[in-house]
Structure formats: structure tokens, C-alpha cells
Asks: 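If you scroll down you'll find the structure; I have some questions about it.
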Amino acid sequence: MKAHDGMYIDGAWRPAAGRDTIAVVNPADEQVIAEVPAGGAEDVDAAVRAARAALPAWAATAPAERIAALRDVLVARKDEIAGTVTAELGAPLPFSQAVHAGVPVLVAGSYAELAASYAFEEKVGNSTVYAEPVGVVGAITPWNYPLHQIVAKVAPALAAGCTVVLKPAEDTPLTAQLFAEAVHEAGVPAGVFNLVTGLGPVAGQALAEHDGVDLVSFTGSTAVGKQIGATAGAAVKRVALELGGKSANVILPSADLAKAVGVGVANVMGNSGQTCSAWTRMLVHTSQYDEAVALAAEAAAKYGDRIGPLVNAKQRARVRGYIEKGVAEGARLVAGGPEAPREQGYFVSPTVFADVTPEMAIAQEEIFGPVVSLIRYEDEDDALRIANGTVYGLAGAVWAGDDAEAVAFARRMDTGQVDINGGRFNPLAPFGGYKQSGVGRELGSHGLAEYLQTKSLQF
Ligand code: NAD
């Protein structure tokens with residue numbers, strides 16, 4: 001697999017300061033496919049300096065021109081992107097083509113349009129209020145949607161007039177390198193976007209702590225997010241956190257049960273359950289519970305071999321550990337289980353648990369694997385109490401006979417995004433968490449505003 005042996009800093013691929021490397025492994029066959037440099041504080045410093053030096057000229061450019069060319073470059077390279085994501089994340093190729101390569105095209109396109117139409121200046125009484133770039137952004141991303149997570153930060157940051165240093169996840173650096181090539185090809189000037197590959201506690205931490213960074217935008221686990229939030233708070237630095245989730249799929253009695261269960265299972269199994277906003281808790285009325293369990297088991301069994309592996313051995317061990325814990329806690333396995341379905345690759349079978357109670361670990365903690373838990377509720381208030389009964393609040397779904405009934409329930413949920421009766425993805429809808437799922441929003445104009453600060457002039 002193609003890999004750069006340097007960092008993309010100040011418009012060119014430069015050797016890393018040290019000699020450490022990270023092996024990139026294909027999770028479907030456990031083979032090493034490439035090595036990339038493991039950067040450290042010195043590389044981060046060089047990248048932040050380049051970003052700082054490029055900031056004044058970039059902030060002075062016309063917003064409409066900043067990322068106008070990026071979308072088309074991503075379209076032209078979509079096959080290479082899909083192939084690379086499949087190689088380092090393990091996602092089946094059709095999923096990589098449609099989602100991992102497709103969604104970033106939508107998001108980059110949406111920000112090119114927003115940059116051209118956004119009101120960076122407004123009149124308020126006798127004042128003129130300007131939305132100005134925050135400055136140098138340190139972006140730290142996870143591996144689960146390798147390109148989407150990058151584009152959801154870098155596109156709005158650049159559109160806002162900020163410059164960026166990106167530290168991508170250790171497991172998926174090749175997609176990040178492809179993105180750096182795309183930014184270069186899109187004509188973004190030297191120093192405006194910089195890439196440092198490396199380990200989280202080394203390169204990531206150096207970036208989060210760097211004095212020259214004005215805003216840290218982090219997507220990843222709640223544990224690391226808390227640490228980054230504390231570091232940023234101590235430095236009075238802006239921070240955006242997109243963290244974990246344990247979202248509820250609430251099926252009200254008037255809903256089309258078969259559809260709600262089928263879409264719900266597919267939502268969890270897509271990307272092998274490695275989706276922060278996955279509806280991992282399915283809440284079903286007691287009168288329909290047994291039918292829902294049978295439907296869910298059938299849907300998971302049908303998924304069978306179409307599911308990709310988990311990203312690495314550690315993640316697989318974690319997910320299998322949760323499945324064992326579910327059994328030990330008294331939940332009933334109706335599909336899948338902890339056994340490895342194949343000899344090679346980090347695969348876990350699509351797994352469905354019935355008789356899950358709201359306080360069980362599998363109903364409270366983020367598993368990040370292909371595991372769905374069916375929980376029984378007695379009435380709507382009970383469903384709401386269960387839906388809101390975790391520390392998370394990232395996403396969710398509500399199904400009902402009509403949208404108005406579903407909306408009434410969704411408005412009572414403590415969560416940032418809710419799909420009504422299977423609502424479609426909208427790249428302009430703000431995405432982010434209530435409670436411990438995060439601070440701030442990505443996507444659309446709300447995502448752009450994260451990278452802007454306000455100045456008012458009085459006349
Ligand atoms: P992680 O927190 O371990 O890593 C995320 C990123 O942070 C990686 O680039 C990693 O190298 C870096 N990092 C690790 N330790 C660091 C440190 N001490 N200082 C600075 N950077 C550090 O998370 P992960 O295992 O890669 O990703 C899975 C998690 O991400 C899940 O909890 C999932 O819910 C969450 N996630 C959230 C969203 C969202 O939008 N809310 C999206 C995707 C994933």
C-alpha cells in the first residue's frame with residue numbers, strides 16, 4: 001500500500017524528526033500493509049509554526065475561494081480513498097465507496113457552498129459584527145470514519161479562514177495522507193493544512209498542549225476528551241469535543257415494528273458497530289417485545305458474512321469482553337456471541353441480546369462493536385427514563401405511526417440528533433452531543449461557527 005515516509009508540513013512531505021514508525025495493519029487478514037512515521041513534539045512544533053505563519057494571509061482570502069476545489073479532488077480520488085479505507089479499517093468495499101468516500105464529498109461540497117453564502121458580517125443596531133477565524137486549529141481524529149472525521153473538521157476550519165494541524169488516528173494514517181495530497185492538489189497554500197502522524201499520548205498530546213494552537217477540535221473517546229478539555233481549559237483555549245455515545249432506538253407501539261427493528265439492527269451493524277451515534281439500545285414496548293426479539297435475531301443472522309472486521313485486536317478483545325459480560329449479567333444471547341467467527345481477521349459476529357435491563361453494563365457503556373441490546377419498557381414515561389438514563393446523549397431514533405407522535409417523544413430526549421421514522425442523513429444538520437457526549441457541533445453552519453470568533457465595532 002502506498003505510504004509517505006514523512007509529515008506533510010508547510011506544503012511539502014518532510015522527514016520526521018525521529019525514527020519511530022507505526023505499522024498499519026489490514027484488520028481483515030492481520031497483515032502489515034505499510035509503515036508511517038510516528039511523529040513527536042518536534043514535528044508538532046514545526047507544523048504549528050507553519051500553520052501560524054500561514055494564518056494572516058489565509059485569513060485574508062475570500063471565503064468563497066478557500067476550499068472551492070476540494071470537493072472535486074475528493075470525487076476524482078474516490079476509488080483510491082475507498083480502497084485505502086478498506087485496507088486499513090477493514091470496511092467492505094461497497095460500504096467504503098458509498099459511505100467512507102461518499103460522505104466526505106457531500107461535506108466538503110456543503111462547506112464550499114457555505115463559505116460562499118455565510119454572513120461573515122452583520123449589522124446589529126449601531127454595530128457591525130464580524131465573524132473572524134479563531135486561528136490555528138489542532139485537529140485530533142479517530143479511525144472509525146477515517147476521512148469523514150477529518151473532513152468534518154478541516155473543511156469548516158479552512159472555510160472559516162483558520163489554518164490546521166491534523167493528528168489522525170494511529171490505525172488509519174494512510175487515508176489522512178491521501179487527504180493531505182488532496183488538499184495540496186486543491187491548491188491550498190503551503191502551511192494552511194499540515195499533517196503529523198503519530199501516537200495519541202505523544203503527538204496528540206503535544207498538539208493539544210501546544211501554546212501556538214488556538215482551538216483544539218477532538219473526536220474520540222470520552223476518557224481522552226476529558227483530558228483534552230482539562231488541558232484546554234487550563235490554557236483558556238477553545239475546545240470542541242465529539243465523544244462517545246449509547247444511543248436509544250425507541251420504537252413506540254404505533255410504529256411499523258418490522259421496519260423499525262430491521263433498520264435499527266442495520267444501523268448498529270454498519271461499519272461493524274464502530275459508529276459513535278449507533279442506536280445500540282433498542283427500546284420496545286412490553287406487548288411487542290417477543291416479536292421484536294425474533295425480528296432482530298433474524299435481521300442479525302442475515303447480516304452474517306457481510307460484516308467487516310473490527311479495527312484491531314484490542315478492539316475485538318474489548319467487544320468480546322462486553323459480550324461475555326452481558327451473558328454473565330443475565331442477558332440472553334439470541335444471535336452471535338463471543339466466539340470468533342473466522343480464524344483470521346478481527347471479526348465479531350453480529351450479536352443481539354434480549355432481556356437486557358437498563359442498568360446492565362452492556363446497556364450503559366459504549367461497546368463500539370456489532371452488538372445491539374433489546375430493552376423492554378412499560379409505557380412512554382418508562383421509555384423516556386430508559387432512553388435518557390445514561391451519561392451519553394449523542395443521537396437516537398424514534399419510530400411511531402406518524403411523525404408528530406415521534407417528534408413529541410424526540411423533543412423530550414436528552415440527545416443531540418434524533419432520526420424520525422428512519423430519517424435520512426443530512427450533511428447540513430448539526431451533529432454533536434448532550435451531556436458527556438461532547439461540547440460543540442460539527443457539520444453545516446453550526447460546524448462552521450465553531451471555527452469563528454466574534455468582533456463587534458460600534459459606530
Ligand atoms: P481515542 O480517544 O483513543 O483516540 C482518538 C484520537 O485521539 C486518536 O487520534 C488518538 O491518537 C488520539 N489520542 C489518544 N490519546 C490521546 C492523548 N492523550 N492526547 C491527545 N490525543 C490522544 O478514541 P478511538 O478509540 O480512536 O475512537 C473511538 C472513540 O471515539 C469512541 O469512544 C467513539 O464513540 C468516539 N467517537 C466519537 C464520535 C463523535 O462524533 N462523537 C465520532 C467517532 C468516534
Side-chain angles (χ1 to χ4, degrees), residues 67-115 139 141-159 166 168-169 171-172 174-183 186 217 219-220 240 242 245 247 263 266-279 307-308 311 368 394-395 397 416-419 422-433 438 441-448 450:
I67 57 160
L70 183 60
R71 178 193 173 277
D72 287 353
V73 178
L74 294 177
V75 170
R77 304 187 73 155
K78 66 181 192 326
D79 291 340
E80 199 182 351
I81 291 166
T84 303
V85 174
T86 289
E88 62 183 356
L89 180 68
L93 192 59
F95 191 80
S96 290
Q97 287 163 331
V99 177
H100 290 298
V103 172
V105 167
L106 293 177
V107 174
S110 76
Y111 276 116
E113 283 172 21
L114 269 169
T141 55
W143 43 263
N144 66 338
Y145 288 87
L147 187 58
H148 169 69
Q149 303 290 8
I150 292 172
V151 172
K153 296 188 188 308
V154 179
L158 297 189
L166 167 68
D171 290 293
T172 54
L174 303 179
T175 306
Q177 290 190 341
L178 270 186
F179 178 73
E181 287 181 9
V183 170
S217 179
T219 297
E242 295 284 351
S247 299
V263 174
N267 171 280
V268 177
M269 301 310 162
N271 213 36
S272 309
Q274 303 167 123
T275 303
C276 49
S277 54
W279 313 327
I307 199 163
V311 71
F368 230 54
L394 189 55
Q417 270 228 354
V418 185
D419 287 356
R424 287 165 299 122
F425 174 70
N426 175 5
L428 295 175
F431 180 88
R441 290 294 178 272
E442 292 196 314
L443 304 183
S445 60
H446 294 76
L448 183 63
E450 292 284 330

Asks: So does Leu448 get a backbone contact from the side chain of Arg441, meaning a donor-acceptor N/O pair under 3.5 Å?
Replies: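 Absent.
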Asks: Quick check: do Cys276 and Phe431 have side-chain heavy atoms less than 4.5 Å from each other?
Replies: yes
Asks: Please assess Leu443 against His148 for the test side chain to side chain contact (heavy atoms under 4.5 Å, CB included), listing each intermediate value before the final yes or no.
Replies: CA-CA 11 Å; Leu443 304 183; His148 169 69; 4.1 Å; yes
Asks: Please confirm whether the backbone N or O of Ile150 pairs with a side-chain atom of Tyr145, one donor and one acceptor, at under 3.5 Å?
Replies: no
Asks: Hey, does Tyr111 have a side-chain heavy atom less than 4.5 Å from the side chain of Leu70?
Replies: no
Asks: A side-chain contact here means heavy atoms from C-beta on lying under 4.5 Å apart; do Glu242 and Gln149 qualify?
Replies: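 No - every pair of side-chain heavy atoms lies 4.5 Å or more apart.
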Asks: Do you know which two heavy atoms are closest between Pro156 and Gly447, and how far apart they sit?
Replies: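 Shortest heavy-atom contact: CB-O, 3.9 Å.
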Asks: How about Thr172 and Glu88: do any of their side-chain heavy atoms sit closer than 4.5 Å?
Replies: yes
Asks: Drop me the distance from Ile81's CD1 to Thr175's OG1, to the nearest 0.5 angstrom.
Replies: 8.0 Å
Asks: Say whether, by atom type as modelled, one donor and one acceptor occur between the side chain of Asn267 and the main chain of Trp279 under 3.5 angstrom.
Replies: yes
Asks: Between Ala108 and Ile67, what is the shortest heavy-atom contact and its length?
Replies: O-CD1, 4.0 Å
Asks: What's the shortest heavy-atom distance between Ala182 and Arg77, and which atoms?
Replies: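 Looking at all heavy atoms of both residues, the shortest contact is N-NH1, 4.1 Å.
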Asks: If we only count heavy atoms from C-beta on, is the Thr84 to His100 side-chain gap below 4.5 Å?
Replies: no
Asks: Which pair of non-hydrogen atoms, one from Ala82 and one from Ser96, has the smallest distance, and what is that distance?
Replies: O-CB, 3.5 Å
Asks: Does the side chain of Leu89 reach to within under 4.5 Å of the side chain of Asn271, using non-hydrogen atoms?
Replies: yes
Asks: Between CG of Asp419 and CZ of Arg424, what distance do you get to the nearest 0.5 Å?
Replies: 10.5 Å
Asks: Which distance, rounded to the nearest 0.5 Å, do you find between the CG of Leu166 and the OG of Ser217?
Replies: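 The CG atom of Leu166 sits 10.0 Å away from the OG atom of Ser217.
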Asks: Salt bridge (Lys or Arg N to Asp or Glu O under 4.0 Å): which pairs involve residues 141-153, sequence neighbours left out?
Replies: Lys153-Glu442
Asks: Could you tell me whether the side chain of Arg71 reaches within less than 4.5 Å of the side chain of Leu74, counting heavy atoms only?
Replies: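 Side chain of Leu74 against side chain of Arg71, heavy atoms only: no contact under 4.5 Å found.
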Asks: Between Phe179 and Val183, is there a side-chain heavy-atom distance shorter than 4.5 Å?
Replies: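 Yes. Closest side-chain heavy atoms under 4.5 Å.
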Asks: Closest approach of Ser272 and Gly308, non-hydrogen atoms and distance?
Replies: OG-O, 2.8 Å
